[in-house]
Every structure is written in structure tokens, then in C-alpha cells.
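In what follows, a structure is listed as C-alpha cells, so that the remarks can point back to it.
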Amino acid sequence: MSRGRPARTLLLAALLGGVVLVSACGGGGGAPPTNAPAELSLSSLADGTPVALSDLRGSPVLLTSWATWCPECKPHLPGLEMLWRNRHSDGLEVIAVNIDGPGINREIQPMVDAMGLTMPVWRDPHHGFADAFGMVGVPSTVLLDRDGRVAARWVGATEFTGTSVTEAVDAVLAGGG
């Protein structure tokens, strides 16, 4: 066996580890958006009642996946809350979709309370968000038009006052996509 082989194996392992890390928190792009209306049935964090995207048809919806363990999510969520407060009266539904596993329930509400989040928070312990939208990474954000079709996507922490988000939200509120 050559002396260079262990070094190459170590390098390959490090590169693969980096890919897994990037896709686990913020990286990765998932599948491209489709024209099919998205469907997602989860539960409300507030009271555990079933909730579904189909209940929001007719309104533009912006959803962001997040988790208590995700370092990018902590600065991301206050911007999402600000978007909710500023644009909900315009007709934009904004939903924070928590993807922590089933055993983490007691840690989620204290984080929501500490961050002062007032927007709806849905629970997704079985990763329906990732399946519905082909998104990999946390946080990931999807904007749906009034028909429930994907109008825009952002992977990683997003600046909700930035041009790309503002223009996309304005377009779906105006009836475009």
C-alpha cells in the first residue's frame, strides 16, 4: 500500500463530512420548485391541533423551517417575525415550521417565548416540510403563491428585508408568482 493512500482517504472523508455539515444546517438546495400546489399537514405548536397548507389557499404563504439546535436559526427567526408583523396585514401568511424531533417538545416553546415570536409555529417532527418542498438544510424558506405553488425558495439564513424576498413577496401579493 502506498503512503499517499491514507492521506487521500482522510481528505475524502473530510470533504464528505463537510458536505454533510453544510446540508445539515443552511446548505444544500434540494429539488427544484415544481408547479404543483404544495401540500403539508402538520400540527400547531400552540395547541397541537392539525393544520394544513390547503387551509391557507387563496393567500400567499411564506414558510421557514427551523430547529432549536440550529445556530443560523436564532438570528433568522427575528427577521421572520418582523416580516410577519409588517406584511400580515397585507395578506401574507408567515409560518415558522419547527423540525425538531418528537422528543424535543419541551425545549421548543421556551425558545419561541424567549424570541418573542407571535407568528404561527407549526410542528414537523417527521420532516414533512423537506419532503413537500425538496429542501435540504435548516433554515430553509419557501414562498407560495395564492394557489399553493412555489414562487421562490431560499436556503440558509435569509435577510427578509432584502431585495430578493421583498420583490418575491410583493409579486405574490399582487397576484403574480
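Starting from 1, each residue takes its place in the sequence as its number.
- Counting only distance, with no hydrogens or angles, the side chain of D147 and the backbone of R149 share no donor-acceptor pair below 3.5 Å.
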- [ ] Test side-chain contact (heavy atoms from CB on, under 4.5 Å) on L63 and L53 and set out the steps.
- [x] CA-CA 10 Å; L63 301 106; L53 277 180; 4.0 Å; yes
TODO: Check the pair L143 / V150 against side-chain contact (heavy atoms from CB on, under 4.5 Å), numbers first and verdict last.
DONE: CA-CA 6 Å; L143 177 64; V150 175; over 6 Å; no
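- Rounded to the nearest 0.5 Å, atoms CG (L45) and CE (M111) are 12.0 Å apart.
- Within the 3.5 Å criterion, the main-chain N or O of A157 finds a donor-acceptor partner in the side chain of E72.
- D113 is linked by a salt bridge (Lys or Arg N to Asp or Glu O under 4.0 Å) to nothing, counting only residues two or more places apart in sequence or in another chain.
- Using a 4.5 Å heavy-atom cutoff, the side chains of S44 and P120 are not in contact.
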Task: Stepwise side-chain contact (heavy atoms from CB on, under 4.5 Å) test for V172 and R146 - done: CA-CA 7 Å; V172 296; R146 295 176 190 279; over 6 Å; no
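- A ring pair (Phe, Tyr, Trp, His ring centres under 6.0 Å) check over residues 81-116, counting only residues at least two apart or in different chains, returns the pairs W84-H88.
- Not one N or O on the side chain of T158 forms a donor-acceptor pair closer than 3.5 Å with the backbone of F160.
- T141 is not listed as a side-chain neighbour of M135, based on a closest heavy-atom distance of 4.5 Å or more.
- The side chain to side chain donor-acceptor pair (under 3.5 Å) search around E107 returns none, not counting sequence neighbours.
- For the pair L83 and L92, the minimum side-chain heavy-atom distance is below 4.5 Å.
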Which atom pairs, one a donor and one an acceptor, fall under 3.5 Å between side chains of residues 95-102 and the rest of the protein, sequence neighbours left out?
unit_1, atom_1, unit_2, atom_2, d
N98, OD1, D100, N, 3.0
N98, OD1, R123, NH1, 2.7
N98, ND2, D100, OD2, 2.9
D100, OD1, T68, N, 3.4
D100, OD1, T68, OG1, 3.1
D100, OD1, W69, NE1, 3.2
D100, OD2, T68, N, 2.9
D100, OD2, T68, OG1, 3.1

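- Among pairs with a residue in residues 98-129, those fulfilling ring pair (Phe, Tyr, Trp, His ring centres under 6.0 Å) read F129-F133, at least two apart in sequence or across chains.
- Looking only at distances, no side-chain donor or acceptor of R153 sits under 3.5 Å from a matching main-chain atom of V142.
- Looking only at side-chain heavy atoms (C-beta outward), C73 and P139 come within less than 4.5 Å of each other.
- In this structure, the side chains of P60 and L144 stay at 4.5 Å or more apart for every pair of heavy atoms.
- Judged as a ring pair (Phe, Tyr, Trp, His ring centres under 6.0 Å), not a single pair has a partner in residues 90-112 (not counting sequence neighbours).
- By the side chain to side chain donor-acceptor pair (under 3.5 Å) test, T49 is found to be paired with D47, residues two or more places apart in sequence or in another chain being considered.
- How far CG of L56 is from CG of L40: 10.5 Å, rounded to the nearest 0.5 Å.
- Checked against side chain to side chain donor-acceptor pair (under 3.5 Å), S65 has no partners two or more places apart in sequence or in another chain.
- Sequence neighbours left out, the pairs with a member in residues 83-97 that pass salt bridge (charged side-chain N to carboxylate O under 4.0 Å, His left out) are E81-R85, R87-D90, R87-D170.
- Applying the side chain to side chain contact (heavy atoms under 4.5 Å, CB included) criterion to A52, with sequence neighbours excluded, gives E39, S41, S54, D55.
- Of all non-hydrogen atoms in P78 and M115, the two that sit nearest each other are CD-CE, 3.6 Å.
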